[in-house]
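Before any comments, here is the structure.
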Amino acid sequence: MPNTESQAPTNFIRDIIAADLAVNKNNGRVHTRFPPEPNGYLHIGHAKSICLNFGIAKEEAGRLCNLRFDDTNPVTEDTEYIESIIEDVHWLGFDWEDRLYYASDYFEKLYNYAVQLIESGKAYVCDLSEEEFRPYRGTLKEPGKDSPCRDRSISENLELFQKMRAGEFDDGAYVLRAKINMADPNVHMRDPVVYRIRRATHHRTGDAWCIYPMYDFAHCVSDSIEGITHSICTLEFEIHRPLYDWFLDQLNVECHPQQIEFARLNLGYTMMSKRRLLELVAEGHVDGWDDPRMPTISGLRRRGYTPAAIRNFCERIGVTKFNSLTDIALLEHCVREDLNKKSQRVMAVLDPLRVVIENYPEGEVDELDAINNPEDPEMGTRSVFFSREIYIERDDFLEDPPKKFFRLGPGREVRLRYGYYITCVDAIKDPDTGEIVELRCTYDPETRGGSSPDGRKVKGTIHWVSVAHALNAEVRLYDRLFTDENPLGSENPDNYTDLMNPESLTVLKPCKVEPSTRDAVPGDKYQFERQGYFCVDNDSSPGNLIFNRTVALRDSWSKIAKKQ
RNA sequence: UGCCCGAUGGUGUAAUGGUAGCACAGCGGUUUCUGGUACCGCUAGUCUAGGUUCGAGUCCUAGUCGGGCAACCA
């Protein structure tokens, strides 16, 4: 079935696949894979790759996409990351059926392929240490020179490699190198390391191995083993492609996938480096991988983003080979668009100002009808409770309202959403600070439900919550994590923590929310009318409601106010 | 002075030799019991110089600018 969510725009990778299909390459098969290393949590940049790889597979029946963990470096990898990655890819809405693989599953095969390489004289065991080898590698401009071990006999290489596996040498004492060309202008082709000795307990194979294959060898062979047709990766691997092809050519395998590179996602005011993200977590600059300010999938989930919004974003940004910096406003647009259609509306007062309706009888309660979602009548209606004392938003009242301010002011009339028209008759101030502590208003009983029999118009409608019925809640407002659009793009990328936004988190407490949210559970999403989309946080509980602001509503008043 | 890749409005992208289009952002308007949504309109672009062609964003040449590459990381 074609993708019904949106007609996916074409891109150069789809074009390549279409061209391959046209000449019946791979017998018409299309098989991709998403190959994360389990050394960190997935971020929105990985979502781009996931949507691309799984998206291509989803396009037509018979196409497949594997999930494969590229777990060849036990030092940095962990099962915690495996679990989070599996959860995140599923949450995004993709499925690999029974094709969950690990490069570590192929360790034995990989070893045998390495032996094959040695036997054909294409690899040798080198006893130069990392440091000793450095001068042999040459520079970007100058060729390297051959290792003294380069001409070791095949039988000796075989024996040494076997002993490497058997644990007879110290870490780093020997490596297996591909015998390619020390003068190649591409430094990755200058006899790259294929296997290194590393006594580290692997999260899946334990201590079964003390030698581990390098990426360039493990990755192409793993792709080949799985019958991958199109091996899609990011631009920084472009320079590795000749090596990818070299290994598969030497090994004479039946499946030789085509590596295709695309530009990774860069998003403004955040960063996509797993290493840097890990630092933010480890150094306590954020609350964890799922801190709602993080660009991780788990952070976005906790923030209230939906899988559909993220998938849609990934479609819209396109796929090219050009390094770009995507405007965060596009991501925000995508969540608003999705949440607007789906969210239950509710009234919540974030910065409460008490209002007494002087002519409303004490002790009386009115039950009013409110629409749950004007975008979706099927979501029905609910009751909101009105009484003599209510809270309104502090910034919905101005003592000296400027032009075009449609809300409350002395002597002004506004509509309470789904309620009555009220007119402000007095503003009571704290005698010491001058701060307004309470408003005195009157209501027009004829305007119940929000319209007047005489047809008079009010320009403003404001949200409110009955004091007697309001629930207390904590509300967490989030802003961009960095003050710089490209925090790692400065001259000194190491100082990125200097660029962190001290106001990225604002906690509001106590806020006043409608009683209909009483039983809200983590993950529940609401639109707080006139304010934004909010999501119940993981820390929330029935007696202690906590909401995260996913994204604010578009606010044209703030633009007008700024201009004045 | 090495190798690889790239260049289209402010941003992200489309146009496969034939009217430079879409989305976001910005600006203006209509509708509205959310200053939301929806709808309408406006602003704004082919890195430069040559060449091929009836015709070039697209092909060729030269230049300019940007990114990547020298881990026993992926």
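Every value quoted in this text rests on a predicted model; they were computed, and no experiment measured them. In what follows, every chain begins at residue 1, and chains take the letters A, B, ... in the order their sequences are listed.
- The closest side-chain donor-acceptor pair between A/Tyr533 and A/Gln527 falls under 3.5 angstrom.
- Annotation: B/rG12 and B/rG50 have their P atoms spaced 28 Å apart (nearest Å).
- The side chain of A/Lys563 has B/rC27 as its nearest neighbour among B/rG35, B/rC27, B/rU16.
- For the pair A/Thr320 and B/rU13, the criterion of a side-chain N or O lying under 4.0 Å from OP1 or OP2 is met.
- Residues passing the side-chain hydrogen bond (donor to acceptor under 3.5 Å, both in side chains) test with A/Ser466, sequence neighbours excluded: A/Ser387, A/His469.
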What does the list of N/O pairs under 3.5 Å between the protein and nucleotides 41-43 of chain B look like, with a distance for each?
none

Output one line per pair: protein atom, nucleotide atom from nucleotides 1-6 of chain B, and distance, for all N/O pairs under 3.5 Å.
{"residue": "B/rG2", "atom": "N3", "partner": "A/Leu140", "partner atom": "O", "Å": "3.1"}

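- Ion pair A/Asp338/A/Lys525 not flagged as a salt bridge, since none of the NZ, NE, NH1 or NH2 atoms sits closer than 4.0 Å to an Asp/Glu carboxylate oxygen.
- Between the side chain of A/Arg554 and the base of B/rG35, no donor-acceptor pair of N or O atoms lies under 3.5 Å.
- Between the side chains of A/Tyr136 and A/Asp191, no donor N or O sits under 3.5 Å from an acceptor N or O.
- If you check B/rU37, B/rU34, B/rG12 against the side chain of A/Glu529, the one that comes closest is B/rU34.
- Of the candidates B/rU37, B/rC27, B/rU34, the closest approach to any side-chain atom of A/Asn340 belongs to B/rU37.
- With RNA chain B read from its 5' end, the first of the two nearest nucleotides for A/Thr326 and A/Val175 is the one closest to A/Thr326.
- In this structure, A/Phe528 atom CZ and B/rU37 atom C1' are separated by 19 Å, rounded to whole Å.
- Within the 4.0 Å cut-off from OP1 or OP2 of B/rA74, at least one side-chain nitrogen or oxygen of A/Thr72 is found.
- Rounded to whole Å, the C1' atom of B/rU11 lies 12 Å from the corresponding atom of B/rG45.
- Residues A/Glu226 and A/Arg68 are paired through a salt bridge, judged by an N-O separation under 4.0 Å between the basic side chain and the carboxylate.
- As rounded to the nearest Å, B/rG57 and B/rU8 have P atoms that lie 15 Å from one another.
- Residues passing the side chain to side chain contact (heavy atoms under 4.5 Å, CB included) test with A/Ala123 are A/Leu117, A/Ile118, A/Leu176, sequence neighbours excluded.
- Of the residues in residues 329-339 of chain A, those with a non-hydrogen atom less than 4.0 angstrom from any atom of RNA chain B are A/Ala329, A/Leu330, A/His333.
- Among the nucleotides B/rU37, B/rG35, B/rC72, the one closest to the side chain of A/Trp557 is B/rG35.
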Report task. Represent RNA chain B in dot-bracket notation, 5' to 3'. Only Watson-Crick or G-U wobble pairs with both distances under 3.5 Å count; pseudoknot-style crossings use [ ] and interstrand partners use |. Result -> .((((((..((((....[..)))).(((((.......)))))....(((((..]....))))))))))).....

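- Comparing A/Glu375 and A/Lys48 by the nucleotide of RNA chain B that holds the closest heavy atom to each, the one mapping nearer the 5' end is A/Lys48.
- Side-chain atoms of A/Phe405 lie closest to B/rG35 of the nucleotides B/rG35, B/rC72, B/rU13.
- Residues passing the side chain to side chain contact (heavy atoms under 4.5 Å, CB included) test with A/Asn181 are A/Ala183, A/Asp184, sequence neighbours excluded.
- Across B/rC72, B/rC69, B/rU34, the shortest atom-to-atom separation from the side chain of A/Arg345 is found for B/rU34.
- Taking A/Glu337 as the reference, A/Arg316 meet the salt bridge (charged side-chain N to carboxylate O under 4.0 Å, His left out) condition, with sequence neighbours excluded.
- Residues that satisfy the side-chain hydrogen bond (donor to acceptor under 3.5 Å, both in side chains) test with A/Arg177, not counting sequence neighbours, are absent from this structure.
- The pair A/Lys342-A/Asp376 does not count as a salt bridge, with every side-chain nitrogen at least 4.0 angstrom from each carboxylate oxygen.
- Legend: residues meeting side-chain hydrogen bond (donor to acceptor under 3.5 Å, both in side chains) with A/Arg241, ordered by chain and number and at least two apart, are A/Glu261.
- Within 3.5 Å, no donor on the side chain of A/Gln531 pairs with an acceptor on the base of B/rU34, nor the reverse.
- Residue A/Asn312 contributes atom CG, which lies 14 Å from atom C1' of B/rU13 at whole-angstrom precision.
- Every residue two or more places apart in sequence or in another chain was checked for a side-chain hydrogen bond (donor to acceptor under 3.5 Å, both in side chains) with A/Lys48, and none qualifies.
- Distance noted for atom C1' between B/rU58 and B/rU16: 8 Å (whole Å).
- The salt bridge (Lys or Arg N to Asp or Glu O under 4.0 Å) analysis of residues 69-81 of chain A, with sequence neighbours excluded, yields no pairs.
- In terms of heavy-atom proximity, A/Ile260 sits nearest to A/Ile13 at CG2-CG1, 3.8 Å.
- No side-chain N or O of A/Thr270 forms a donor-acceptor pair with one of A/Arg480 less than 3.5 Å apart.
- You'll find that the side chain of A/Arg316 is closest to B/rA23, out of B/rA23, B/rG35, B/rU13.
- Atom name P, nucleotides B/rG26 and B/rG17: the rounded distance is 37 Å, in whole Å.
- With P as the reference atom, B/rG66 and B/rA71 are 24 Å apart, rounded to whole Å.
- Between B/rG6 and B/rA15, the two P atoms lie 15 Å apart (nearest whole Å).
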